[in-house]
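Keep in mind it's a predicted model, so treat the numbers as computed, not measured. Keep in mind that the numbers below use all heavy atoms, side chains included, and drop hydrogens, waters and symmetry copies.
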Amino acid sequence: MGEGASEARGWIRGDETAKQMLSRVLKDRAFLLLPPLHRVPLRAGNVVEVTGASPAAKTQILIQAAISCILPKTWNGIHYGGLGKLVLFLDLDCRFDVLRLSQMLKHRLLQANRLGNGAWWQLEESNVRNCRSAHEKSNTAFDEELYVSCMRRFLYVRCYDSLELLSCLKTLHYRIRQQESCGSQVGVLMIDSIGAFHWTDRLSSSLAMGSHNRKSLSLTNVVETIVLEIKKLLQAHSLVVIATKALIYEEKYPTNENNRKFSSNDELSGNAAIKAQQPPFREFMPSSWQAFVTHKIIIRKSADHHSSQTGQESLSAYSLEWLQPQLSSIDQFIVDDVSKNLSQPLQV
């Protein structure tokens, strides 16, 4: 009893220095991703769902966020503005292009070198002026050691069905521990896309009507188990989950327009709040996943954008809207295939 009282008094007095307190508090501080995911700061434990029709640059956004995570904050005196953390990328669509990730990472390294080390860049420009192609030039103008270290912080796993996804989630804790023993801390878990096996699992559930294993093959039960495994990872590790989801059906009006439409009708004010909270698309994921998500984003295809730098070339333009938390502003961005498939925000 006396020992417990002394421990309680020691906890009340506090037994950590200011440096220890700051290191503990700043370890899990909120961080901002690059545009177009820059409106809301994310903290460890947040689950972000990015919804959009295919194609809607969802994987492109994941790649850009992954690069911001695996890049260091500074390297050899040059500021890169990254987090220097590990990215766990689960590819459920099985269409991920590692070459695109490599090209975008090299492009970011080149940009940082131009902005952060101008004299060195001018020297390199004179040395590589006689290169035969822009590809050769890009290979001589960035730090190869930094590039390799960044790619090592990108852990890629491909899953072909829900059972492989569950097996992967159960082994991620061990993989993260291995990476942490080497000095890498996990930052983001990315899932592309979370609803890839929905219809396959739904069909398997209907075919197992007479089987004793119907509960194990149930679509709801599989998703609940996936959510449970991700929750275990969130409890053991300080990370953010970002998952993409394909859009199967979209309402005619966007969310903000729906809110204005319903608020102007006084007779339907009772149903207005309920309809305003509903997403502008048909939700097909089970309720266990919907309740698990803390942030929701929807991406829509916009009119093609004509770049002034490329003449009349038509670039893919998209709009991004935050549904949870609901923001009044809608961001627009383009995907420029010329500059290594880099997403660029539009000034609107």
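- Rounded to the nearest 0.5 Å, atoms CE (M190) and CD1 (I61) are 10.5 Å apart.
- W75 pairs by the ring pair (Phe, Tyr, Trp, His ring centres under 6.0 Å) definition with nothing, not counting sequence neighbours.
- With sequence neighbours left out, Q178 forms a side-chain hydrogen bond (donor to acceptor under 3.5 Å, both in side chains) with Y174.
- Shown here are the side-chain hydrogen bond (donor to acceptor under 3.5 Å, both in side chains) partners of H38, two or more places apart in sequence or in another chain: there are none.
- Separating the CD1 atom in I299 from the CD atom in E321 is a distance of 11.5 Å, to the nearest 0.5 Å.
- With sequence neighbours excluded, no residue satisfies side chain to side chain contact (heavy atoms under 4.5 Å, CB included) with Q235.
- One hydrophobic cluster holds both I63 and M151 under the rule that ILVMFWY side chains link at heavy-atom gaps under 4.5 Å.
- The one candidate from I176, V240, L90 that meets the side chain to side chain contact (heavy atoms under 4.5 Å, CB included) condition with L189 is L90.
- Partners of R39 under the salt bridge (charged side-chain N to carboxylate O under 4.0 Å, His left out) rule, at least two apart in sequence or in another chain, are D331.
- When the options T220, V227, I226 are evaluated for a side chain to side chain contact (heavy atoms under 4.5 Å, CB included) with E224, the one that passes is T220.
- Looking at every heavy atom in both residues, V47 comes nearest to T294 through N-OG1, 2.8 Å.
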For this session: Could you go through the side-chain contact (heavy atoms from CB on, under 4.5 Å) check for R95 and S54 one step at a time?
Result: CA-CA 12 Å; R95 295 185 298 178; S54 184; 4.0 Å; yes
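- Not counting sequence neighbours, H295 has no partner by the ring pair (Phe, Tyr, Trp, His ring centres under 6.0 Å) test.
- Remark: Y156 engages F89, D91, F96, F154, R158 in a side chain to side chain contact (heavy atoms under 4.5 Å, CB included) (not counting sequence neighbours).
- Among residues two or more places apart in sequence or in another chain, the side chain to side chain contact (heavy atoms under 4.5 Å, CB included) test is passed with S167 by none.
- W289 meets the side-chain hydrogen bond (donor to acceptor under 3.5 Å, both in side chains) test with E49; sequence neighbours excluded.
- Put simply, CG on L239 and CG on L42 are 12.0 Å apart, with the number rounded to the nearest 0.5 Å.
- Among residues two or more places apart in sequence or in another chain, the ring pair (Phe, Tyr, Trp, His ring centres under 6.0 Å) test is passed with F284 by H198.
- Sorted by first and then second residue, the salt bridge (charged side-chain N to carboxylate O under 4.0 Å, His left out) pairs with a member in residues 162-179 read K170-E229, R177-E180; sequence neighbours excluded.
- Remark: T74 pairs with H79 by the side chain to side chain contact (heavy atoms under 4.5 Å, CB included) rule, at least two apart or across chains.
- Residue N46 holds its CG atom at 9.0 Å from CG of L234, rounded to the nearest 0.5 Å.
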